[in-house]
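Data block below; observations after.
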Amino acid sequence: MTAFRLPTKLSEFAAGGQEPGLTAWAATLPSVVPDLLERWGLTVAEPYEPGGQCSWVAPATTAAGEPVVLKVGYRHAEAEHEAEGLRFWAGDGAVRVLADETSDATSALLLERAVPGTLLARSLPALEQDVVLAGLLRRLWRRPPEGHPFRTLASMCEFWARDFERRVESAPPEYDRGLLREGLTFYRELPLSSDDDVLLCTDLHPENIVAAQREPWLVIDPKPYVGDRTYDATQHMFNMDRLMSDPGALSDRMAGLLDLDPLRLRLWLFARCVQESPEWDGLYDVAVRLAP
(Lines give C-alpha, C1' and ligand atoms only; values in the text may rest on other atoms or scores of the structure.)
Protein backbone atom coordinates (compact mmCIF):
# COMPACT_ATOMS: atom_id res chain seq x y z
CA MET A 1 0.00 0.00 0.00
CA THR A 2 1.75 3.13 -1.22
CA ALA A 3 -0.68 5.74 0.16
CA PHE A 4 -3.56 5.35 2.56
CA ARG A 5 -6.91 5.11 0.83
CA LEU A 6 -10.50 4.52 1.93
CA PRO A 7 -12.46 1.95 -0.12
CA THR A 8 -15.39 3.31 -2.11
CA LYS A 9 -18.35 2.49 0.12
CA LEU A 10 -16.65 3.64 3.32
CA SER A 11 -15.45 6.83 1.64
CA GLU A 12 -18.93 7.64 0.34
CA PHE A 13 -20.69 6.85 3.63
CA ALA A 14 -18.19 8.87 5.68
CA ALA A 15 -18.47 11.80 3.28
CA GLY A 16 -22.27 11.66 3.42
CA GLY A 17 -22.32 12.56 7.10
CA GLN A 18 -25.34 10.39 7.99
CA GLU A 19 -23.36 9.01 10.94
CA PRO A 20 -21.17 11.80 12.40
CA GLY A 21 -19.33 9.38 14.67
CA LEU A 22 -18.31 7.23 11.74
CA THR A 23 -17.23 10.28 9.75
CA ALA A 24 -14.94 11.35 12.58
CA TRP A 25 -13.67 7.78 13.01
CA ALA A 26 -12.83 7.39 9.31
CA ALA A 27 -10.61 10.47 9.54
CA THR A 28 -8.46 8.64 12.15
CA LEU A 29 -7.78 5.59 9.98
CA PRO A 30 -4.58 6.95 8.35
CA SER A 31 -2.97 6.75 11.79
CA VAL A 32 -4.91 3.81 13.28
CA VAL A 33 -4.09 1.34 10.50
CA PRO A 34 -0.29 1.92 10.48
CA ASP A 35 -0.22 1.45 14.26
CA LEU A 36 -1.97 -1.91 13.89
CA LEU A 37 0.42 -2.95 11.12
CA GLU A 38 3.38 -2.23 13.36
CA ARG A 39 1.97 -3.99 16.44
CA TRP A 40 0.90 -7.09 14.54
CA GLY A 41 3.91 -7.15 12.20
CA LEU A 42 1.91 -6.95 8.99
CA THR A 43 2.48 -5.91 5.41
CA VAL A 44 -0.79 -4.78 3.86
CA ALA A 45 -2.09 -4.38 0.30
CA GLU A 46 -4.83 -2.12 -1.03
CA PRO A 47 -8.23 -2.48 0.67
CA TYR A 48 -10.91 -4.62 -0.90
CA GLU A 49 -13.27 -2.81 -3.23
CA PRO A 50 -15.97 -1.62 -2.98
CA GLY A 51 -15.78 -2.66 0.68
CA GLY A 52 -18.38 -1.99 3.36
CA GLN A 53 -19.80 1.16 4.86
CA CYS A 54 -18.38 0.70 8.36
CA SER A 55 -15.01 -1.00 7.99
CA TRP A 56 -11.63 -0.89 6.27
CA VAL A 57 -10.66 -4.40 5.12
CA ALA A 58 -7.53 -5.41 3.25
CA PRO A 59 -5.40 -8.49 2.49
CA ALA A 60 -2.22 -8.59 4.54
CA THR A 61 0.78 -10.81 5.21
CA THR A 62 2.36 -11.60 8.57
CA ALA A 63 6.09 -11.44 9.25
CA ALA A 64 6.12 -15.23 8.85
CA GLY A 65 4.57 -14.94 5.40
CA GLU A 66 1.07 -16.10 6.39
CA PRO A 67 -1.74 -14.61 4.25
CA VAL A 68 -4.34 -12.93 6.47
CA VAL A 69 -7.02 -10.24 6.35
CA LEU A 70 -6.97 -7.07 8.44
CA LYS A 71 -10.42 -5.74 9.30
CA VAL A 72 -10.60 -2.36 11.05
CA GLY A 73 -14.17 -1.46 11.89
CA TYR A 74 -16.19 1.36 13.37
CA ARG A 75 -17.64 0.08 16.63
CA HIS A 76 -21.43 0.08 16.46
CA ALA A 77 -24.11 -2.01 18.11
CA GLU A 78 -24.72 -4.43 15.22
CA ALA A 79 -21.04 -5.37 14.93
CA GLU A 80 -20.38 -6.24 18.59
CA HIS A 81 -19.06 -9.74 19.39
CA GLU A 82 -17.91 -10.62 15.88
CA ALA A 83 -14.60 -11.92 17.22
CA GLU A 84 -16.30 -13.88 20.01
CA GLY A 85 -18.67 -15.48 17.54
CA LEU A 86 -15.88 -16.52 15.19
CA ARG A 87 -13.92 -17.97 18.11
CA PHE A 88 -16.98 -19.96 19.19
CA TRP A 89 -17.31 -21.47 15.71
CA ALA A 90 -13.53 -22.10 15.65
CA GLY A 91 -13.24 -22.30 11.88
CA ASP A 92 -16.06 -24.82 11.48
CA GLY A 93 -17.88 -23.20 8.55
CA ALA A 94 -16.55 -19.69 9.23
CA VAL A 95 -13.23 -17.89 8.90
CA ARG A 96 -10.92 -18.11 11.88
CA VAL A 97 -10.04 -15.06 13.96
CA LEU A 98 -6.33 -14.92 14.78
CA ALA A 99 -6.21 -11.77 16.91
CA ASP A 100 -8.46 -8.90 17.88
CA GLU A 101 -8.48 -5.72 19.92
CA THR A 102 -10.90 -2.89 20.57
CA SER A 103 -10.69 0.76 21.57
CA ASP A 104 -13.38 3.34 22.15
CA ALA A 105 -14.36 3.67 18.49
CA THR A 106 -12.42 0.89 16.73
CA SER A 107 -12.58 -2.87 16.54
CA ALA A 108 -9.65 -4.56 14.80
CA LEU A 109 -9.59 -8.19 13.72
CA LEU A 110 -6.86 -10.27 12.15
CA LEU A 111 -8.63 -12.98 10.17
CA GLU A 112 -7.82 -16.08 8.18
CA ARG A 113 -7.66 -15.19 4.49
CA ALA A 114 -10.00 -17.29 2.37
CA VAL A 115 -8.47 -18.03 -1.02
CA PRO A 116 -9.67 -17.36 -3.68
CA GLY A 117 -12.25 -15.46 -1.60
CA THR A 118 -14.82 -15.19 -4.39
CA LEU A 119 -18.28 -14.26 -3.13
CA LEU A 120 -20.95 -16.95 -3.27
CA ALA A 121 -23.24 -14.31 -4.81
CA ARG A 122 -20.96 -14.18 -7.87
CA SER A 123 -20.16 -17.88 -8.10
CA LEU A 124 -23.30 -20.00 -8.30
CA PRO A 125 -26.89 -19.75 -9.57
CA ALA A 126 -29.42 -18.58 -7.01
CA LEU A 127 -30.93 -22.00 -6.24
CA GLU A 128 -27.46 -23.42 -5.57
CA GLN A 129 -26.70 -20.46 -3.31
CA ASP A 130 -29.71 -21.47 -1.20
CA VAL A 131 -28.25 -24.95 -0.70
CA VAL A 132 -24.76 -23.73 0.25
CA LEU A 133 -26.10 -21.16 2.71
CA ALA A 134 -28.49 -23.63 4.32
CA GLY A 135 -25.71 -26.16 4.80
CA LEU A 136 -23.53 -23.58 6.54
CA LEU A 137 -26.31 -22.37 8.82
CA ARG A 138 -27.14 -25.90 9.94
CA ARG A 139 -23.50 -26.32 11.00
CA LEU A 140 -23.25 -22.98 12.78
CA TRP A 141 -26.43 -23.34 14.86
CA ARG A 142 -25.13 -24.49 18.22
CA ARG A 143 -25.88 -23.50 21.79
CA PRO A 144 -23.19 -21.26 23.28
CA PRO A 145 -21.83 -22.18 26.72
CA GLU A 146 -23.02 -20.71 29.99
CA GLY A 147 -21.60 -17.26 30.65
CA HIS A 148 -21.34 -16.37 26.96
CA PRO A 149 -21.20 -12.65 26.04
CA PHE A 150 -23.80 -12.67 23.27
CA ARG A 151 -26.95 -10.58 23.33
CA THR A 152 -30.39 -12.06 22.77
CA LEU A 153 -32.34 -11.91 19.53
CA ALA A 154 -35.28 -10.65 21.62
CA SER A 155 -33.26 -7.59 22.67
CA MET A 156 -32.36 -6.84 19.05
CA CYS A 157 -35.97 -7.18 17.91
CA GLU A 158 -37.19 -4.93 20.70
CA PHE A 159 -34.68 -2.26 19.67
CA TRP A 160 -35.84 -2.36 16.04
CA ALA A 161 -39.49 -2.53 17.07
CA ARG A 162 -39.11 0.74 18.97
CA ASP A 163 -37.28 2.21 15.98
CA PHE A 164 -40.19 1.11 13.76
CA GLU A 165 -42.66 2.87 16.04
CA ARG A 166 -40.73 6.09 15.43
CA ARG A 167 -40.49 5.52 11.68
CA VAL A 168 -43.99 4.29 10.94
CA GLU A 169 -45.30 7.84 10.57
CA SER A 170 -43.32 8.02 7.34
CA ALA A 171 -45.15 5.01 5.88
CA PRO A 172 -47.58 5.86 3.07
CA PRO A 173 -51.12 6.54 4.31
CA GLU A 174 -52.53 3.66 2.24
CA TYR A 175 -50.57 1.13 4.31
CA ASP A 176 -53.02 -0.75 6.54
CA ARG A 177 -52.13 0.25 10.10
CA GLY A 178 -53.73 -2.89 11.48
CA LEU A 179 -51.47 -5.07 9.34
CA LEU A 180 -48.44 -3.05 10.44
CA ARG A 181 -49.38 -3.50 14.12
CA GLU A 182 -49.87 -7.23 13.57
CA GLY A 183 -46.43 -7.55 11.99
CA LEU A 184 -44.81 -5.62 14.81
CA THR A 185 -46.54 -7.84 17.38
CA PHE A 186 -45.11 -10.96 15.74
CA TYR A 187 -41.70 -9.28 15.52
CA ARG A 188 -41.71 -8.85 19.30
CA GLU A 189 -43.36 -12.14 20.24
CA LEU A 190 -41.63 -14.67 17.98
CA PRO A 191 -38.17 -14.42 19.62
CA LEU A 192 -39.79 -14.95 23.03
CA SER A 193 -41.51 -18.20 22.03
CA SER A 194 -38.42 -20.11 20.91
CA ASP A 195 -37.44 -23.15 22.99
CA ASP A 196 -34.20 -23.97 21.16
CA ASP A 197 -31.99 -20.89 21.14
CA VAL A 198 -28.66 -21.11 19.30
CA LEU A 199 -25.93 -18.71 18.21
CA LEU A 200 -27.11 -16.90 15.07
CA CYS A 201 -25.29 -15.05 12.29
CA THR A 202 -28.33 -12.71 11.79
CA ASP A 203 -26.79 -11.22 8.61
CA LEU A 204 -25.94 -14.27 6.49
CA HIS A 205 -26.47 -13.87 2.75
CA PRO A 206 -24.46 -14.81 -0.37
CA GLU A 207 -22.21 -11.74 -0.14
CA ASN A 208 -21.06 -12.85 3.33
CA ILE A 209 -19.94 -16.30 2.14
CA VAL A 210 -16.61 -16.70 0.35
CA ALA A 211 -14.88 -19.50 -1.54
CA ALA A 212 -11.90 -21.04 0.26
CA GLN A 213 -9.42 -23.91 0.09
CA ARG A 214 -9.71 -25.17 3.67
CA GLU A 215 -13.43 -25.63 3.06
CA PRO A 216 -15.39 -24.95 -0.13
CA TRP A 217 -17.21 -22.01 1.51
CA LEU A 218 -16.69 -19.97 4.67
CA VAL A 219 -18.89 -17.41 6.46
CA ILE A 220 -17.56 -13.89 7.05
CA ASP A 221 -18.90 -10.83 8.87
CA PRO A 222 -21.35 -12.43 11.33
CA LYS A 223 -23.40 -10.33 13.73
CA PRO A 224 -23.92 -12.86 16.53
CA TYR A 225 -27.02 -12.99 18.71
CA VAL A 226 -28.58 -15.89 20.60
CA GLY A 227 -32.12 -16.86 19.73
CA ASP A 228 -34.59 -18.56 17.41
CA ARG A 229 -32.78 -20.25 14.53
CA THR A 230 -35.77 -19.59 12.24
CA TYR A 231 -34.90 -15.88 12.18
CA ASP A 232 -31.53 -16.66 10.58
CA ALA A 233 -33.14 -17.71 7.29
CA THR A 234 -34.69 -14.30 6.69
CA GLN A 235 -31.65 -12.19 5.76
CA HIS A 236 -30.81 -14.45 2.84
CA MET A 237 -34.34 -14.10 1.51
CA PHE A 238 -34.07 -10.31 1.68
CA ASN A 239 -31.16 -10.56 -0.75
CA MET A 240 -33.10 -12.61 -3.31
CA ASP A 241 -35.25 -11.19 -6.15
CA ARG A 242 -37.57 -14.13 -5.51
CA LEU A 243 -38.77 -12.39 -2.35
CA MET A 244 -40.69 -9.93 -4.51
CA SER A 245 -41.89 -12.41 -7.14
CA ASP A 246 -42.95 -15.38 -4.96
CA PRO A 247 -42.22 -14.88 -1.25
CA GLY A 248 -44.26 -17.87 -0.11
CA ALA A 249 -42.43 -20.31 -2.36
CA LEU A 250 -39.05 -18.89 -1.34
CA SER A 251 -39.92 -19.14 2.34
CA ASP A 252 -41.15 -22.72 2.00
CA ARG A 253 -38.01 -23.69 0.05
CA MET A 254 -35.71 -22.32 2.76
CA ALA A 255 -37.79 -23.97 5.49
CA GLY A 256 -37.33 -27.31 3.74
CA LEU A 257 -33.58 -26.85 3.25
CA LEU A 258 -33.15 -25.84 6.90
CA ASP A 259 -35.64 -28.29 8.46
CA LEU A 260 -37.64 -25.39 9.93
CA ASP A 261 -41.35 -25.04 10.64
CA PRO A 262 -42.63 -23.45 7.39
CA LEU A 263 -45.42 -21.53 9.14
CA ARG A 264 -43.03 -20.06 11.68
CA LEU A 265 -40.62 -18.99 8.96
CA ARG A 266 -43.44 -17.30 7.06
CA LEU A 267 -44.44 -15.43 10.21
CA TRP A 268 -40.85 -14.26 10.72
CA LEU A 269 -40.62 -13.16 7.10
CA PHE A 270 -43.96 -11.33 7.37
CA ALA A 271 -42.82 -9.58 10.56
CA ARG A 272 -39.50 -8.54 9.04
CA CYS A 273 -41.16 -7.24 5.86
CA VAL A 274 -43.46 -5.09 8.00
CA GLN A 275 -40.55 -3.80 10.09
CA GLU A 276 -38.55 -2.82 7.00
CA SER A 277 -41.50 -1.57 4.92
CA PRO A 278 -41.48 2.21 5.67
CA GLU A 279 -38.19 2.67 3.79
CA TRP A 280 -37.87 -0.43 1.59
CA ASP A 281 -39.94 -0.10 -1.54
CA GLY A 282 -42.06 -3.16 -2.30
CA LEU A 283 -41.84 -4.88 1.08
CA TYR A 284 -45.30 -3.78 2.18
CA ASP A 285 -46.77 -5.65 -0.78
CA VAL A 286 -44.74 -8.72 0.16
CA ALA A 287 -46.02 -8.43 3.74
CA VAL A 288 -49.61 -8.33 2.46
CA ARG A 289 -49.03 -11.56 0.52
CA LEU A 290 -47.51 -13.28 3.56
CA ALA A 291 -49.96 -11.97 6.19
CA PRO A 292 -51.52 -14.77 8.28
Side-chain angles (χ1 to χ4, degrees), residues 78 126-127 129-131 133-134 136-138 140-143 150-168 171-172 174-206 222-292:
E78 287 188 38
L127 295 182
Q129 294 175 29
D130 296 345
V131 175
L133 181 138
L136 288 167
L137 278 179
R138 291 172 70 113
L140 296 178
W141 287 338
R142 303 197 300 271
R143 290 178 180 270
F150 306 110
R151 297 162 294 180
T152 66
L153 178 64
S155 69
M156 185 187 80
C157 289
E158 180 59 31
F159 173 85
W160 288 115
R162 292 177 182 175
D163 178 71
F164 175 84
E165 289 170 336
R166 292 189 294 269
R167 294 184 294 116
V168 72
E174 63 269 23
Y175 283 16
D176 184 300
R177 265 42 187 180
L179 182 139
L180 298 181
R181 286 193 296 271
E182 183 180 29
L184 192 61
T185 297
F186 279 121
Y187 193 71
R188 281 182 157 128
E189 291 182 351
L190 282 168
L192 300 176
S193 61
S194 169
D195 59 1
D196 185 24
D197 289 351
V198 295
L199 190 63
L200 310 173
C201 287
T202 75
D203 189 28
L204 191 59
H205 51 79
K223 296 175 175 59
Y225 284 80
V226 172
D228 180 6
R229 68 183 69 203
T230 311
Y231 175 91
D232 239 2
T234 60
Q235 192 64 35
H236 171 57
M237 292 190 283
F238 273 81
N239 282 262
M240 295 287 110
D241 293 339
R242 289 168 287 160
L243 179 66
M244 300 298 180
S245 60
D246 198 344
L250 175 59
S251 180
D252 290 347
R253 172 174 168 78
M254 294 309 301
L257 289 172
L258 290 163
D259 194 24
L260 299 172
D261 178 348
L263 175 58
R264 188 174 181 87
L265 182 52
R266 282 196 183 213
L267 289 176
W268 261 121
L269 188 57
F270 164 66
R272 283 214 61 198
C273 286
V274 166
Q275 187 267 330
E276 300 276 7
S277 64
E279 289 82 25
W280 195 327
D281 187 46
L283 282 191
Y284 174 78
D285 293 334
V286 175
V288 169
R289 296 169 68 183
L290 292 168

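What you see is a predicted model, and the numbers here were worked out from it, not measured in a lab. Atom set for the values below is all heavy atoms of this structure, side chains included, hydrogens, waters and symmetry mates excluded.
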Query raised in the report: Leu180 versus Phe164: any side-chain heavy-atom pair under 4.5 Å?
Result: yes
Query raised in the report: Between Arg167 and Gln275, is there a donor-acceptor pair closer than 3.5 Å when you use the side chain of the first and the backbone of the second?
Result: yes
Query raised in the report: How long is the gap from CZ on Arg272 to CG on Leu190, to the nearest 0.5 Å?
Result: 12.5 Å
Report task. Evaluate side chain to side chain contact (heavy atoms under 4.5 Å, CB included) for Arg253 paired with Leu127, printing each intermediate quantity in order. Result -> CA-CA 10 Å; Arg253 172 174 168 78; Leu127 295 182; 3.7 Å; yes
Report summary line: Distance col, row Leu258:CG vs Thr230:OG1, nearest 0.5 angstrom, shows 9.0 Å
Query - Side-chain touch Asp285/Met244, heavy atoms, less than 4.5 angstrom - result: no
Query - Side-chain touch Leu204/Gln235, heavy atoms, less than 4.5 angstrom - result: no
Report summary line: Nearest heavy-atom contact between Leu269 and Pro247 is CD2-O, 4.2 Å
Query - Steps toward side chain to side chain contact (heavy atoms under 4.5 Å, CB included) verdict (His205, Met240) - result: CA-CA 9 Å; His205 51 79; Met240 295 287 110; over 6 Å; no
Query raised in the report: For atom CG of Asp196, is the number of surrounding heavy atoms from other residues, nucleotides or ligands below 6.0 Å larger than 12?
Result: yes
Query raised in the report: In Å, rounded to the nearest 0.5 Å, how long is the span from CD of Glu158 to CG of Leu192?
Result: 8.5 Å
Query raised in the report: If every non-hydrogen atom of Asp232 is compared with every non-hydrogen atom of Cys201, which pair is closest and at what distance?
Result: OD2-N, 3.0 Å
Report summary line: Output for pair (Leu243 CG, His236 NE2), nearest 0.5 Å, gives 10.5 Å
**Report entry** Residue pair Arg138 / Asp259, side-chain heavy-atom distance below 4.5 Å
**Finding:** yes
Query - Side-chain heavy atoms of Arg242 within contact of Asp130, under 4.5 Å - result: yes
Query - Minimum side-chain heavy-atom gap Arg289-Cys273 below 4.5 Å - result: no
Query raised in the report: Would you call Cys157 and Arg188 a side-chain contact if the rule is heavy atoms closer than 4.5 Å?
Result: no
Report task. Report yes if the side chains of Leu179 and Phe270 come closer than 4.5 Å at any heavy-atom pair, otherwise no. Result -> yes
Query raised in the report: Is there a donor-acceptor pair closer than 3.5 Å between any side-chain N or O of Thr202 and the backbone N or O of Lys223?
Result: yes
Requested in this report: Give me the ring orientation class for Tyr284 and Tyr175: parallel if the planes are under 30° apart, tilted from 30 to 60°, perpendicular past 60°.
Outcome: parallel
Report summary line: Rounding to 0.5 Å, atoms CG (Leu199) and CG (Leu153) come to a distance of 11.0 Å
Report task. Determine, stepwise, if the pair Leu184 / Glu165 fulfils side chain to side chain contact (heavy atoms under 4.5 Å, CB included). Result -> CA-CA 9 Å; Leu184 192 61; Glu165 289 170 336; 3.7 Å; yes
Query - side chain to side chain contact (heavy atoms under 4.5 Å, CB included) evaluation trace for Arg264 with Ser193 - result: CA-CA 11 Å; Arg264 188 174 181 87; Ser193 61; 3.1 Å; yes
Query raised in the report: Looking only at heavy atoms, what is the nearest atom pair of Pro206 and Gln129, with distance?
Result: CG-OE1, 3.1 Å
Report task. To the nearest 0.5 angstrom, please state how far the CG atom of Asp246 sits from the CG atom of Asp241. Result -> 13.0 Å
Report task. Salt-bridge test for Asp163 and Arg166: reply yes if a basic N is under 4.0 Å from a carboxylate O, no otherwise. Result -> yes
Requested in this report: Mind listing the closest non-hydrogen atom pair of Pro191 and Phe186 along with its distance?
Outcome: CD-O, 4.2 Å
Query - Over all atoms of both residues, closest heavy-atom pair of Tyr231 and Met156 - result: OH-CE, 3.3 Å
Query raised in the report: Only one of Leu265, Leu260, Asp261 forms a side-chain contact (heavy atoms from CB on, under 4.5 Å) with Leu263, so which one is it?
Result: Asp261
Requested in this report: Could you pull out the closest heavy-atom pair between Ser251 and Met237, with the gap in Å?
Outcome: CA-SD, 3.6 Å
